[in-house]
Amino acid sequence: MQIQLLKSKIHRVTVTDACLDYIGSITIDADLMDAAGILPGERVYIVNNNNGERFDTYTIAGERGTGTICLNGAAARKVQRGDIVIILSYVSLTPEEAKSWEPKVIFPDTATNRLK
């Protein structure tokens, strides 16, 4: 049996752009992805603190050091620039593995989306 636990969390970052004319995904500054242990193409869940939307998509690594958080494609309709979002990923583990599991949680500066 496997259970799902939180793997990674980027807590409270600001949406910098929303690009409807794109095939889909979320572009995240590669520095944030590395710090949270999130890989390009990984499935993530987005929680929009401004409007309560919750949805999933996959990641694209953005330019390092830019603070980019850009929702692309249909997901762009669920956010607006300036919205505060939380980005989550999960991992499947056995109950035994879960006992010692520690998720990676980062708290970037909300104004700049850069690591403190």
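All values below were derived from every heavy atom in this structure, side-chain atoms included, with hydrogens, water molecules and symmetry-related copies excluded.
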Any chance you could measure [X], atom [atom1], to [Y], atom [atom2], to the nearest 0.5 Å?
X	Y	atom1	atom2	value
I60	M33	CD1	CE	9.0 Å
L32	R64	CG	CZ	10.0 Å
T57	I26	OG1	CD1	7.5 Å
E102	L6	CD	CG	10.5 Å
S100	L93	OG	CG	8.5 Å
D83	T16	CG	OG1	11.5 Å

If we only count heavy atoms from C-beta on, is the [X] to [Y] side-chain gap below 4.5 Å?
X	Y	value
R12	N49	yes
V47	L88	yes
D17	R81	yes
I84	T110	yes
L39	Y58	no

Exercise for review: For F107, check ring-ring contact (aromatic ring centres under 6.0 Å, His included) against everything at least two apart and list the hits.
Suggested key: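 Partners of F107 by the ring-ring contact (aromatic ring centres under 6.0 Å, His included) criterion, ordered by chain and then number, come out as H11.
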
Check your understanding: Sequence neighbours excluded, which residues qualify as ring-ring contact (aromatic ring centres under 6.0 Å, His included) partners of Y45?
Key ->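 Per chain and number, Y45 pairs via ring-ring contact (aromatic ring centres under 6.0 Å, His included) with Y90.
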
Review point. I28 pairs by side chain to side chain contact (heavy atoms under 4.5 Å, CB included) with which of N113, V13, I10?
Key: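 For I28, the side chain to side chain contact (heavy atoms under 4.5 Å, CB included) test succeeds with only one of N113, V13, I10, which is I10.
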
Check your understanding: Pick one: which of T66, D34, I69 meets side chain to side chain contact (heavy atoms under 4.5 Å, CB included) with D29?
Key ->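 Only one option passes, and that is T66.
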
**Study point:** Non-hydrogen atoms of A30 and A61 that approach each other most closely
**Key:**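 Heavy-atom minimum between the residues: CB-CB, 4.2 Å.
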
Check your understanding: Under the 3.5 angstrom rule, does the side chain of K9 hit a backbone N or O of A36 as a donor-acceptor pair?
Key ->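 Between the backbone of A36 and the side chain of K9 there is no qualifying donor-acceptor contact (under 3.5 Å).
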
Exercise for review: Output all residues satisfying salt bridge (charged side-chain N to carboxylate O under 4.0 Å, His left out) with K99, sequence neighbours left out; order by chain, then residue number.
Suggested key: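 In terms of salt bridge (charged side-chain N to carboxylate O under 4.0 Å, His left out), with neighbours along the sequence ignored, K99 is linked to E96.
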
**Study point:** salt bridge (charged side-chain N to carboxylate O under 4.0 Å, His left out) involving D109 - partner list, sequence neighbours excluded
**Key:**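 For D109, no residue satisfies salt bridge (charged side-chain N to carboxylate O under 4.0 Å, His left out) once neighbours in sequence are set aside.
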
For [X], does the [atom1] atom have more than 12 heavy-atom neighbours from other residues, nucleotides or ligands under 6.0 Å away?
X	atom1	answer
R114	CZ	yes
E42	CD	yes
D21	CG	no
E63	CD	no

**Study point:** Criterion side chain to side chain contact (heavy atoms under 4.5 Å, CB included) on M1 and T94, from CA distance to verdict
**Key:** CA-CA 6 Å; M1 175 177 72; T94 66; over 6 Å; no

Check your understanding: Partners of A35 by side-chain contact (heavy atoms from CB on, under 4.5 Å), sequence neighbours excluded?
Key ->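 For A35 the side-chain contact (heavy atoms from CB on, under 4.5 Å) partners, ignoring immediate neighbours, are I106, L115.
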
Check your understanding: Will you find, in the side chains of T27 and N72, an N or O donor that is under 3.5 Å from an N or O acceptor?
Key ->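 A donor-acceptor contact under 3.5 Å links the two side chains.
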
**Study point:** Selection residues 13-34 - residue pairs positive for ring pair (Phe, Tyr, Trp, His ring centres under 6.0 Å), sequence neighbours left out
**Key:**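 Checked against ring pair (Phe, Tyr, Trp, His ring centres under 6.0 Å) - neighbours excluded - no pair reaches residues 13-34.
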
Exercise for review: Establish whether F55 and V44 are linked, either directly or via other cluster members, by ILVMFWY side-chain heavy-atom contacts under 4.5 Å.
Suggested key: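 Same cluster: F55 reaches V44 through Ile, Leu, Val, Met, Phe, Trp or Tyr contacts under 4.5 Å.
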
Check your understanding: When clusters are formed by joining ILVMFWY residues with side-chain heavy atoms under 4.5 Å apart, either directly or through shared neighbours, do W101 and I3 land in the same one?
Key ->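 Linked, W101 and I3 end up in one cluster.
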
Practice item. Could you walk me through whether L20 and R77 pass side chain to side chain contact (heavy atoms under 4.5 Å, CB included), step by step? Key: CA-CA 7 Å; L20 185 60; R77 294 217 182 261; 3.2 Å; yes

